[in-house]
Asker: 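Dropping the structure in here first, questions after.
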There are 2 protein chains.
Amino acid sequence: MKTVKIAILGLGTVGGGTYEILRMNKELIEKRTGIDFRLVRVLEKNKARMEQLGIDPYIAVTDPDMIFKDPSIDIVVEALGGIEPSSTFMEKALLAGKGVVTPNKAAVAASFARLKEAEAKGGGRLRFEACVGGGIPALTAIQEALAGNEFTEVMGIVNGTTNYILTKMTEEGLPYDDVLKDAQAKGFAEQDPTADVEGIDAANKLSILMTLCFDKYVHPDDIPRVGISGITMADIEDARSKGCKIKLIAGAKRVKADDGTETVEYSVKPTLIPFSHPLAGVSNEFNAIYVTGNAVNELMFYGKGAGALPTGSAMVGDIIAIAKTL
Amino acid sequence: MKTVKIAILGLGTVGGGTYEILRMNKELIEKRTGIDFRLVRVLEKNKARMEQLGIDPYIAVTDPDMIFKDPSIDIVVEALGGIEPSSTFMEKALLAGKGVVTPNKAAVAASFARLKEAEAKGGGRLRFEACVGGGIPALTAIQEALAGNEFTEVMGIVNGTTNYILTKMTEEGLPYDDVLKDAQAKGFAEQDPTADVEGIDAANKLSILMTLCFDKYVHPDDIPRVGISGITMADIEDARSKGCKIKLIAGAKRVKADDGTETVEYSVKPTLIPFSHPLAGVSNEFNAIYVTGNAVNELMFYGKGAGALPTGSAMVGDIIAIAKTL
């Protein structure tokens with residue numbers, strides 16, 4: 001049986017979830033792929049976390065270069081979060097010819113060109129399915145199974161926190177501040193919710209979707225954003241009276257100008273979605289990506305946009321895809 | 001640029017749609033893949049159809065062995081329909097080491113073992129994304145991006161004709177016979193609708209889904225089936241009073257017996273789906289595949305289950321996937 005050696009940078013929610021799946025479904029994955037995946041290094045200081053996951057602290061390192069410079073390591077799982085040093089770490093791994101798998105949408109969106117360059121130069125391979133929609137395998141589908149399509153539009157409910165808040169406001173008639181406090185108490189929203197409620201997280205994901213669908217890179221900071229913190233119960237009621245729900249949509253579409261030239265319009269903003277549209281049925285913390293292609297027509301991918309195991313599922317899918325090419 | 005040579009058996013709806021996409025999106029596909037896909041042979045007698053599609057009748061053959069025995073042909077698109085001679089044709093192509101792409105659920109479901117054997121023996125590669133859910137890339141996702149999951153349940157609305165009929169009965173209050181006649185007049189249902197309304201088509205698709213999700217092959221004839229021809233308006237109203245819609249569900253799930261042994265339960269039958277379930281929002285001719293995995297949790301794939309271009313989208317995705325490995 002082929003052995004593929006893995007290093008994980010950061011054993012937080014997603015790093016830990018990825019390891020848990022590789023362990024929990026080890027036999028099944030070996031049977032399906034013929035590959036024995038072995039965790040050989042972790043970049044992690046938290047001994048208690050390693051113990052909790054059943055990882056031998058002996059494999060922990062504090063110097064990431066011990067991972068990038070180790071030719072026996074095939075795949076690096078970058079699960080630290082934040083733009084830096086994650087981008088630099090991924091770049092180093094790719095330049096060393098390693099596979100890199102990440103859920104880090106902020107780093108991928110901000111550093112896309114740099115990472116693609118490192119991929120081309122070093123021969124490593126970057127996969128980032130988990131960056132958009134957690135466990136939903138939309139990015140792989142857009143790049144592979146749907147590769148015969150010219151995409152005309154992509155719309156995503158790609159932030160679970162805001163979708164949870166808007167769902168509670170709509171279904172239970174509770175004002176924004178109350179729902180946010182409740183979500184924070186339940187751990188569904190961060191203590192500083194800015195990145196979620198102001199659409200910053202969604203803009204990172206839209207930047208990635210646009211790159212894949214339209215081959216057009218826009219830095220997340222350059223995507224016009226309106227968050228949900230200004231949404232009132234009057235807005236929710238007004239939408240309802242028009243047969244719509246308000247959803248935070250990260251959307252982009254091709255538009256043809258009068259002179260025939262094509263551009264892509266894009267934004268993150270609260271949007272009226274008719275009750276009859278499939279996106280209106282995406283509630284609570286669920287995510288969905290809705291794409292339109294000139295061959296396939298309309299498609300929707302729906303599922304859990306966050307969480308250790310759902311996001312880990314996307315990570316493991318990427319790990320397997322890279323391992324098959326080794 | 002790499003050239004990949006294709007032969008299409010049958011220029012009906014899907015065979016023609018596949019060719020149309022390869023032509024319509026040629027430039028884009030070349031840019032994305034670096035591959036020039038060339039149609040070099042068709043098995044087709046209908047000259048008018050070739051003319052309609054802009055295919056030079058010079059490349060048509062009447063003897064399929066001229067395709068299987070031609071070493072220059074890389075990929076065979078089987079789009080004839082029916083179990084035979086399609087299964088034998090696919091077998092021959094696989095034994096000759098060619099890639100085979102098909103939307104033929106009846107042939108794949110009935111001849112699965114034989115086709116896998118030919119694949120292993122001849123070195124060809126079979127892909128059949130278009131067999132379930134038309135353009136929806138669920139089969140590829142189940143086998144690739146979700147390969148880290150143990151699947152616990154799969155439920156599909158995989159027949160557009162029956163979903164259209166049930167939707168009209170539910171939304172417009174029209175009885176089965178009237179809706180069927182209307183669907184036949186509009187071309188949404190066959191003149192002999194048996195394969196659709198009695199769940200035979202859905203059973204073919206469930207056989208394929210079970211093989212992929214549970215590594216368990218059940219011949220379509222051995223799947224218990226109840227069709228929709230016995231559904232009355234009283235049934236629809238009764239479901240509504242319980243907060244449900246009736247959907248024809250092709251479903252299978254793992255169940256644990258009291259003694260700890262695991263089995264898979266499976267059937268095609270009209271099923272009550274609560275309004276709040278995402279499958280309840282799948283209306284008219286749309287299809288959806290709803291899978292549950294032990295890592296990813298619940299996922300739904302939604303889209304057009306039929307039609308020349310949507311189904312052709314899945315075919316072209318498979319053609320590209322095989323071509324990349326050549």
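Since the model is a prediction, treat every value here as computed from it, not as a measurement. Numbers restart at 1 for each chain; the letters A, B, ... are given by sequence-line order, proteins then strands.
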Asker: Give, for atom CD of Glu144(B) and atom OG1 of Thr140(A), the distance between the pair rounded to the nearest 0.5 Å.
Answerer: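 The distance works out to 8.5 Å.
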
Asker: For Ile320(B), is it the side chain, the backbone, both or neither that has a heavy atom under 4.5 Å from a heavy atom of chain A?
Answerer: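 Interface part for Ile320(B): side chain.
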
Asker: Would you say Asn149(B) and Asn25(A) are linked by a side-chain donor-acceptor pair, where the criterion is simply a distance under 3.5 Å?
Answerer: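 No - no donor-acceptor pair under 3.5 Å links their side chains.
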
Asker: Pick whichever of Pro310(A), Gly135(A), Gly303(A), Ala308(A) has the most heavy-atom pairs under 4.5 Å with chain B.
Answerer: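 Going by pairs under 4.5 Å, I would pick Pro310(A).
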
Asker: Quick check for you: among Gly134(B), Ala147(B), Gly281(B), Ala314(B), which has the greatest number of heavy-atom pairs under 4.5 Å with chain A?
Answerer: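 Highest number of pairs under 4.5 Å: Ala147(B).
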
Asker: So for Ile136(B), is it side chain, backbone, both, or neither that comes closer than 4.5 Å to the heavy atoms of chain A?
Answerer: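 Looking at Ile136(B), backbone and side chain both touch chain A.
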
Asker: Within a strict 4.5 Å, meaning less than it, do heavy atoms of the Pro137(A) and Val296(B) side chains meet?
Answerer: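 Of all side-chain heavy-atom pairs linking Val296(B) with Pro137(A), none is under 4.5 Å.
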
Asker: Quick check: are there more than 12 heavy atoms from other residues, nucleotides or ligands sitting under 6.0 Å from CD of Glu27(B)?
Answerer: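 Count not over threshold, so no.
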
Asker: Examine whether an atom of Lys31(A) lies under 4.5 Å from a heavy atom of chain B, and if so say whether it belongs to the side chain, the backbone or both; otherwise answer neither.
Answerer: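 It is the side chain, since no backbone atom gets that close.
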
Asker: Which atoms form the tightest heavy-atom contact between Ile21(A) and Ala295(B), and what is the distance?
Answerer: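 Heavy-atom minimum between the residues: CD1-CB, 3.5 Å.
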
Asker: For the candidates Asp318(A), Thr325(A), Asn297(A), which exhibits the highest count of non-hydrogen atom pairs separated by less than 4.5 Å from chain B?
Answerer: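 With the most close heavy-atom pairs to chain B, the winner is Asn297(A).
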
Asker: List the steps and the verdict of salt bridge (Lys or Arg N to Asp or Glu O under 4.0 Å) for Arg32(A) and Asp215(B).
Answerer: CA-CA 10 Å; Arg32(A) 282 189 188 146; Asp215(B) 195 19; over 6 Å; no

Asker: Hey, which of Asn294(A), Thr33(A), Ile29(A) has the most heavy atom pairs under 4.5 Å with chain B?
Answerer: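 Between Asn294(A), Thr33(A), Ile29(A), the count favours Asn294(A).
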
Asker: Which bit of Val316(A) comes within less than 4.5 Å of chain B, counting heavy atoms only: side chain, backbone, both or neither?
Answerer: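 For Val316(A), the contact with chain B is made by the side chain alone.
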
Asker: Working to the nearest 0.5 angstrom, can you tell me the gap between Phe301(A) CZ and Met300(B) CE?
Answerer: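 If we round to the nearest 0.5 Å, Phe301(A):CZ and Met300(B):CE are 11.5 Å apart.
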
Asker: Would a 4.5 Å heavy-atom cut-off, applied to side chains only, mark Tyr302(A) and Tyr302(B) as touching?
Answerer: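 No, every pair of side-chain atoms sits at 4.5 Å or beyond.
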
Asker: Which atoms of Met24(B) come close to chain A, meaning under 4.5 Å heavy atom to heavy atom: side chain ones, backbone ones, both, or neither?
Answerer: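 When you check distances to chain A, only side chain atoms of Met24(B) fall under 4.5 Å.
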
Asker: Report which part of Ala321(B) has an atom under 4.5 Å of a heavy atom belonging to chain A: side chain, backbone, both, or neither.
Answerer: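 Contact with chain A is absent: no heavy atom of Ala321(B) under 4.5 Å.
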
Asker: Please identify, among Pro278(B), Gly148(B), Ser283(B), the residue contributing the most non-hydrogen atom pairs under 4.5 Å to chain A.
Answerer: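 Highest number of pairs under 4.5 Å: Gly148(B).
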
